[in-house]
Amino acid sequence: MPGNNTTLAAIFQQMADVTELLGGNRFRVNAFQRAARSLQELGEDVAGIDPGRLSKLDGIGSGTADRIREYLDHGRIDEHEKLIKEVPAGVIKLLDIPGLGPKSVATLWQQGGVTDTATLKKKLDTGELEKLPRMGKKTLENIKKNLAFAETAHQRIRIGEAMPLANWFVHQLRGLEPVEAVHYAGSLRRGRETVGDLDLLAIADPKQGETISNAFVKLEVVEEVILKGATKTSVRARTGAGRHIQVDLRVIEPEAAGAALLYFTGSKDHNVRLRERAIARKLKLSEYGLYKEDSETRVAGKTEEAVYKALDLAYIPPELREARDEIARAEKDTLPELVELQEIQAELHAHTTASDGHWSIRELAAAAADRGFHTVAITDHSKGQVQANGLNAERLEKHIEDVRAVAKEMKGKINVLAGSEVDILIDGKLDYPDSLLRELDIVVASPHASLAQEPAKATKRLLKAIENRYVTILGHATGRIVNRRAGLHPDMKKLVEAAAQRGIAMEINANHYRLDLRDTHARLALEHGVKLSINTDAHGPADLDQLIYGVLTARRAGAKREDVINTFAKPQLMKWINATRP
DNA sequence: GCCGTTTTCGGCCCGACTGTTTTCAGTCG
């Protein structure tokens with residue numbers, strides 16, 4: 001069940017769509033869209049924000065704040081109800097078809113009598129739409145093709161699926177003769193949990209654009225060429241998982257590499273703010289560089305750092321470029337120094353063959369040591385996780401002995417902790433008694449079942465788990481699976497306040513299906529002084545590689561090294577863990 | 001509708017590519 005934020009975001013997005021279709025003021029449309037994004041990005045429930053603070057949020061003015069209050073009080077917004085009556089729902093859906101924007105959809109609807117995809121399909125076959133303005137044969141052909149594409153699962157791709165594909169493209173293009181460097185940009189570079197497309201940049205002499213583009217469209221995963229120009233090419237490609245994703249390639253001269261990387265990394269809103277800032281300084285920013293107003297003189301462009309500097313800003317890492325507060329902070333040079341992948345020195349949530357993992361305790365410990373980690377916690381499932389071969393009390397006692405034996409054997413190589421991923425039962429009780437939890441070095445408590453519980457119950461359940469005095473880390477708090485399961489919707493503000501009070505950490509589960517806490521929740525945790533723990537929840541050899549996705553999520557939340565317990569040196573980490581227990 | 005080093009009005013980002021057009025509107029990122 002979606003929360004207030006998600007519902008309100010959808011409402012404002014609809015108001016934007018309808019206003020645009022009806023030819024309303026485009027800046028008003030823009031404002032509705034911004035309000036929708038702000039609400040979607042909010043880490044806490046909007047209902048808990050008092051009216052004074054509400055209109056101070058980015059993109060939310062007094063008008064939007066009033067509408068939000070109206071929704072919270074009455075469950076609906078009058079203006080929204082009136083607006084959506086003016087356009088059939090099927091017409092709004094047409095906007096999802098690539099290549100169809102508000103102008104074309106309005107024409108199809110008002111002059112062509114198209115009310116949904118079904119009538120669109122029918123009328124495409126009869127040819128009657130050709131009479132409409134700007135609807136030639138080719139345009140109609142394209143609509144037909146894109147309609148078919150839109151109907152076959154157009155979902156954003158998980159970062160764990162997109163990143164390997166992007167790296168593969170980068171590797172392929174790097175091998176081309178005229179190419180100096182290749183980068184991926186876009187939301188992938190910003191570390192978002194899902195991406196809509198891949199943006200690639202080839203740094204090369206633009207005269208070589210054609211050569212590069214020809215090689216690009218011939219790559220084996222490319223299934224269809226969407227457009228192909230002198231410096232810009234778009235294709236549809238197959239992902240490893242058999243889905244399709246659009247991949248855009250731009251060829252950029254070396255002198256503009258930084259400006260282009262900045263531009264294609266986005267976010268769009270971040271770029272808009274930078275351009276406005278440029279204008280205020282009598283400059284002009286585009287993907288080709290930062291120029292003096294009305295002249296060809298390029299002030300900066302070779303590197304991103306140079307462009308930011310010329311705009312009197314500190315360098316802003318990609319993960320923070322979401323048009324929140326990063327530009328104001330860059331101006332004052334108070335941006336956080338974000339945690340880095342190489343700073344992670346401990347894995348605190350991993351499974352062995354004792355439950356549902358593929359490694360023995362020794363293999364897991366050795367793999368962690370190979371990565372340069374100083375500590376690994378063995379945290380197999382508890383008894384309630386029957387399908388995962390969870391350990392009952394008796395087996396856990398034996399397992400603890402086994403772990404201690406390996407710990408002794410590997411002393412000096414790696415610090416092996418005896419732990420558990422104990423299930424948080426439906427009522428918030430833990431799956432082991434305190435007397436057993438006390439014997440462990442570390443306890444990760446996570447919800448696994450009843451993940452569609454109503455928010456109030458979920459909040460109570462998780463609060464109870466946090467309050468257990470043996471819990472060290474709250475594992476994947478919501479239990480969501482990206483693109484597949486919404487998971488719990490607890491009152492996150494209450495949870496982080498309780499975690500802060502208890503002094504325990506909250507996990508960012510780095511598995512790309514989970515990424516739980518998500519970025520906005522992790523940000524909220526940090527704002528309340530809660531430490532994060534980034535763990536891979538490894539079940540097998542390849543899983544430790546997913547750490548990067550957790551780190552990117554933490555960086556999006558603004559996490560510094562000292563905010564993440566996995567970066568602590570061994571003595572500091574042990575001291576921290578022990579301080580959480582009686 | 002939002003916003004403020006041009007602050008309560010008057011602005012609101014920039015360029016590539018396509019298709020339908022004879023100079024540009026629409027879409028996308």
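Sequence lines set the chain letters: A, B, ... in the order given, protein chains first and strands last, and positions in each chain run from 1.
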(request) With heavy atoms under 4.0 Å as the rule, sort A:A230 into base, sugar-phosphate or nothing. (result) sugar-phosphate
(message) Using modelled atom types and a 3.5 Å cut-off, is there a donor and acceptor pairing between side-chain atoms of A:R275 and backbone atoms of A:L285?
(response) yes
(message) Please classify the nucleic acid contact of A:R281 as base, sugar-phosphate, or nothing, using heavy-atom distances under 4.0 Å.
(response) nothing
(message) Using the P atom as the point on both nucleotides, what is the distance between B:dT8 and B:dG4, in whole Å?
(response) 12 Å
(request) Please check if the side chain of A:E305 supplies one atom and the backbone of A:Y315 the other of a donor-acceptor pair under 3.5 Å. (result) no
(message) Taking only the P atom of each, what is the distance from B:dT21 to B:dG26 in whole angstrom?
(response) 12 Å
(message) I'd like to know if the side chain of A:R556 and the backbone of A:R190 have a donor-acceptor N/O pair within less than 3.5 Å.
(response) yes
(request) For B:dT27 and B:dT20, measure between their P atoms and round to the nearest Å. (result) 13 Å
(request) Keeping the roles fixed (side chain from A:N4, backbone from A:D45), state whether a donor-acceptor pair exists under 3.5 Å. (result) no
(request) Tell me which of A:P102 and A:E287 sits closer to the 5' end of DNA chain B, going by the nucleotide each one is nearest to. (result) A:E287
(request) Would you mind telling me which residue lines up with the more 5' stretch of DNA chain B, A:T233 or A:L140, judged by nearest nucleotide? (result) A:T233
(message) For a quick check under 3.5 Å, do A:D248 and A:S234 share a side-chain donor-acceptor pair by atom type?
(response) yes
(request) State which residue, out of A:R321, A:R34, A:R37, fulfils the side-chain hydrogen bond (donor to acceptor under 3.5 Å, both in side chains) condition with A:D269. (result) A:R37
(request) May I ask you to say what A:L100 touches in the nucleic acid, namely base, sugar-phosphate or nothing, with a heavy-atom cut-off under 4.0 Å? (result) sugar-phosphate
(request) Could you check which residues of residues 258-272 of chain A get a heavy atom under 4.0 Å from DNA chain B? Sort them by number, please. (result) A:Y263, A:K268, A:V272
(message) Please identify the 5'-most and 3'-most nucleotides of DNA chain B with any atom under 4.0 angstrom from a heavy atom of chain A.
(response) B:dG1 to B:dG29
(request) Please confirm whether the backbone N or O of A:A323 pairs with a side-chain atom of A:E326, one donor and one acceptor, at under 3.5 Å? (result) yes
(message) Under 4.0 Å between a side-chain nitrogen and a carboxylate oxygen: does that hold for A:E193 and A:R480?
(response) yes
(request) Could you tell me whether the side chains of A:H512 and A:E161 share a donor-acceptor contact shorter than 3.5 Å? (result) no
(message) Between B:dG1 and B:dT5, how far apart are the two P atoms, rounded to whole Å?
(response) 23 Å
(message) I'd like the C1' distance from B:dG15 over to B:dG10, given in whole Å.
(response) 25 Å
(request) Look at all strands and tell whether A:R26 reaches a base, only sugar-phosphate, or nothing, counting heavy atoms closer than 4.0 Å. (result) nothing
(message) In whole Å, measure the gap between the P atoms of B:dC12 and B:dT7 for me.
(response) 15 Å
(request) With P as the reference atom in both, quote the distance from B:dG11 to B:dT6 in angstrom, rounded to an integer. (result) 14 Å
(request) Look at all strands and tell whether A:G186 reaches a base, only sugar-phosphate, or nothing, counting heavy atoms closer than 4.0 Å. (result) nothing
(message) At 4.0 Å (heavy atoms only), tell me whether A:T231 reaches a base, stays on the sugar-phosphate, or touches nothing.
(response) sugar-phosphate
(message) Can you check the distance between B:dC9 and B:dG19, where both ends of the measurement are the C1' atom (answer in whole Å)?
(response) 40 Å
(request) Give A:N30 one of three labels, base, sugar-phosphate or nothing, depending on what nucleic acid heavy atoms sit under 4.0 Å from its own. (result) nothing
(request) Identify whether any heavy atom of A:K282 sits under 4.0 Å from a base atom; if not, whether one sits that close to sugar-phosphate; answer base, sugar-phosphate or nothing. (result) nothing
(message) Looking at A:Y71, is its backbone amide N or carbonyl O close enough to the side chain of A:R76 to form a donor-acceptor pair, meaning the two atoms are under 3.5 Å apart?
(response) no
(request) Write down the partner of B:dT8 under the Watson-Crick or G-U wobble criteria, each distance required to be under 3.5 Å. (result) none
